[in-house]
Amino acid sequence: MDQTANQLQDQFQQRIDLEQKIEPRDWMPEKYRQTLIRQISQHAHSEIIGMLPEGNWITRAPSLKRKAILLAKVQDEAGHGLYLYSAAETLGISRDEMYEQLHSGKAKYSSIFNYPTLSWADMGAIGWLVDGAAILNQVPLCRTSFGPYARAMVRVCKEESFHQRQGFECLLQLSRGSEVQRQMCQDAINRWWWPSLMMFGPKDDESPNSKLSMQWKIKRFSNDELRQKFVDMIAEQIKLLNMVLPDPDLTWNEQTKHYDYGAINWEEFKQVIQGNGPCNKERLEARKKAWTNGDWVREAATVHAAKQAKRKSEAQTFSAKETQ
Ligand code: FAQ
């Protein structure tokens, strides 16, 4: 690396250390740009694919109130995807390229959305556990070093925390209901608990991206630190539901002041992120179909925009002539 490149790298790291935000037009190492494109686009894909498991229950919500809440939540996730795609675009990648990476399987999305939603209680479990995990991971991202990502996350987090509360409230109702409702609630918790722990990513010593992401303050906490925070939070909240977490090894550790928990099935995680989870194929097919079906809309919008631009430029030429 020549001297100028070294100086640029040093200045860049100094700015990060001083907690200054990096903006799209600032100089940045190519690896920083690529890491952000990877993380932000995968985050955006997760929000969009994340609409599918819950969308599955919109027509079957048990009341008008629950249907309205679920519709609003799914719509919020679409909004999160759009802010995030926009933030990634500021790094020089187009939205079409990002979709292409998703559809070809090159880009990942969160493992959690490859599990099926089998009962209404899953809507509560997703809100409480999945959005709960998402918030713990995303609140620190409001302080991430890249300005557009940090700013997008502020609104996302406000909405996610509302989602989590509605999920908990949904499960609370079920937990106070009939025996069948209580069983549904416990069953949903049993199925979503371990996949939620996997959302935080591999163990720290097996997380190849963490070192640089922490140095560049893209990530503020490690995968294991956030996972532990989540376990500590949920192990307390579940007491209010009078339910149990499906982990016989979950115990309070007086020395560490944290909950110890059992072994995560990392082989399952690996399989899911390699495309072999229960719903991977179905999720990707649904996205690809939506893309193909949206072809005519994109074409019509492009033609409309070109017409508008032409009319605007003709009007400008006309008024310029008038004033001569
Ligand atoms: N699933 O080296 P690390 C939501 C990949 S949004 C799939 O530790 P990193 C809202 C990782 O990409 C949920 N892949 O990676 C909602 C990497 O592969 P690559 C999404 C995973 O980036 C709620 C490899 O493993 N949230 O839930 C997963 O430093 C309800 C090695 O991993 C975000 O995206 C996984 N769980 O740390 C919507 C938050 N974990 O790319 C609807 C932003 C790891 O090198 C309903 N992202 N991998 O091929 C992050 O904070 C980070 O990217 C981590 C992973 C923590 C996810």
Side-chain angles (χ1 to χ4, degrees), residues 31 34-57 70 72-81 83-84 87-88 101-102 105-115 117 122-142 144 146 149-150 152-153 156-157 159-164 166-167 192 194-216 218-227 230 264 266 268-277 280 283:
K31 177 87 177 134
Q34 288 303 337
T35 298
L36 279 166
I37 289 179
R38 179 187 62 80
Q39 177 166 328
I40 304 173
S41 66
Q42 293 187 168
H43 191 168
H45 298 325
S46 305
E47 300 281 357
I48 300 299
I49 297 252
M51 296 165 73
L52 297 169
E54 288 176 292
N56 181 32
W57 279 88
L70 189 58
K73 180 179 190 291
V74 173
Q75 204 170 7
D76 284 351
E77 311 300 358
H80 299 173
Y83 312 148
L84 289 164
Q101 291 179 353
L102 173 68
K106 184 174 172 233
K108 295 191 172 71
Y109 59 88
S110 184
S111 50
I112 193 79
F113 302 118
N114 292 306
Y115 291 85
T117 42
D122 288 16
M123 297 304 97
I126 289 184
W128 179 43
L129 296 174
V130 176
D131 285 274
I135 295 166
L136 281 179
N137 166 275
Q138 292 174 18
V139 166
L141 290 175
C142 298
T144 198
F146 185 58
Y149 192 21
M153 289 318 296
V156 172
C157 284
E159 292 176 353
E160 297 290 24
S161 77
F162 187 74
H163 294 170
Q164 196 206 12
Q166 72 79 32
W192 289 94
W194 292 106
S196 300
L197 290 187
M198 295 174 196
M199 282 177 74
F200 296 93
K203 285 186 287 187
D204 290 351
D205 52 10
E206 286 170 24
S207 160
N209 300 300
S210 279
K211 189 170 175 284
L212 272 178
S213 289
M214 298 282 275
Q215 179 190 320
W216 285 330
I218 295 173
K219 282 164 98 164
R220 298 266 173 174
F221 296 97
S222 76
N223 298 358
D224 285 333
E225 281 171 331
L226 290 172
R227 193 170 6 251
F230 178 69
I264 294 173
W266 290 115
E268 175 180 324
F269 173 73
K270 219 187 286 170
Q271 286 301 324
V272 174
I273 66 172
Q274 281 171 3
N276 304 319
N280 293 61
R283 300 290 185 241

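Each ligand, and each atom within it, is numbered from 1 in the order the structure gives.
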Checking [Y] against [X]: is there a side-chain donor and acceptor pair closer than 3.5 Å?
X: D122; Y: Y115; result: no
X: Q271; Y: N276; result: yes
X: Q42; Y: H45; result: no

Taking side chain as C-beta onward, heavy atoms only, is K270 less than 4.5 Å from P202?
no
Report the part of [X] in contact with ligand 1, treating N, CA, C, O as backbone and CB onward as side chain, heavy atoms under 4.0 Å; options are side chain, backbone, both, neither.
X: E77; result: side chain
X: N223; result: side chain
X: S111; result: both
X: Q39; result: side chain
X: Q138; result: side chain
X: F200; result: backbone
X: F269; result: side chain
X: Y149; result: side chain
X: N209; result: both
X: N137; result: side chain

Return the residue, atom name and 0.1 Å-rounded distance of the protein heavy atom closest to [atom].
atom: atom 25 (O) of ligand 1; result: I273 CD1, 4.0 Å
atom: atom 57 (C) of ligand 1; result: M199 O, 4.0 Å
atom: atom 41 (O) of ligand 1; result: R38 NH1, 2.9 Å
atom: atom 23 (C) of ligand 1; result: D131 OD1, 3.4 Å
atom: atom 40 (N) of ligand 1; result: G201 CA, 3.2 Å

Can you figure out which of [options] has its heavy atom closest to [atom]?
atom: atom 4 (C) of ligand 1; options: S196, A134, P195; value: A134
atom: atom 5 (C) of ligand 1; options: E54, K73, K108; value: K108
atom: atom 31 (C) of ligand 1; options: G81, G127, P208, S207; value: P208

Using a strict cut-off of 4.0 Å, indicate which atoms of ligand 1 neighbour a heavy atom of [X].
X: E47; result: 6 (S), 10 (C), 16 (C), 38 (C)
X: P202; result: 8 (O), 31 (C), 32 (O), 44 (C)
X: M198; result: 36 (N)
X: Y109; result: 1 (N), 7 (C)
X: Q42; result: 12 (O), 41 (O)

If the threshold is 4.0 Å, N to carboxylate O, is there a salt bridge linking R227 and D224?
yes
Answer yes or no for atom 10 (C) of ligand 1: protein heavy atom present at a distance under 4.0 Å?
yes
In terms of the angle between their ring planes, are Y149 and H43 parallel, tilted or perpendicular, with boundaries placed at 30° and 60°?
perpendicular
Parallel, tilted or perpendicular: rings of F269 and W266 (30°, 60°):
perpendicular
Counting distance only, does the side-chain N/O of N280 pair as donor-acceptor with the main-chain N or O of V272 below 3.5 Å?
yes
Look at the side chain of N223 and the backbone N and O of F200, then say whether any donor-acceptor pair between them is shorter than 3.5 Å.
yes
Determine, stepwise, if the pair Q166 / H163 fulfils side-chain hydrogen bond (donor to acceptor under 3.5 Å, both in side chains).
CA-CA 5 Å; Q166 72 79 32; H163 294 170; over 6 Å; no
Quick one: do Y109 and I48 satisfy side-chain contact (heavy atoms from CB on, under 4.5 Å)? Show the steps, please.
CA-CA 9 Å; Y109 59 88; I48 300 299; over 6 Å; no
One pair to check against side-chain contact (heavy atoms from CB on, under 4.5 Å): T117 and I126. What are the steps and the verdict?
CA-CA 9 Å; T117 42; I126 289 184; 3.6 Å; yes
Would S210 and S222 satisfy side-chain contact (heavy atoms from CB on, under 4.5 Å), going step by step from the backbone distance to the final call?
CA-CA 7 Å; S210 279; S222 76; 5.5 Å; no
For a salt bridge (charged side-chain N to carboxylate O under 4.0 Å, His left out) with K73, tell me which candidate from E47, E54, E159 qualifies.
E54
Would K219 count as a contact residue for ligand 1, given that I'm defining contact as a non-hydrogen atom of the residue lying under 4.0 Å from a ligand atom?
yes
Pair W216, L36 - check side-chain contact (heavy atoms from CB on, under 4.5 Å), show working.
CA-CA 10 Å; W216 285 330; L36 279 166; over 6 Å; no
Mind checking whether E160 has an N or O less than 3.5 Å away from an N or O of ligand 1?
no
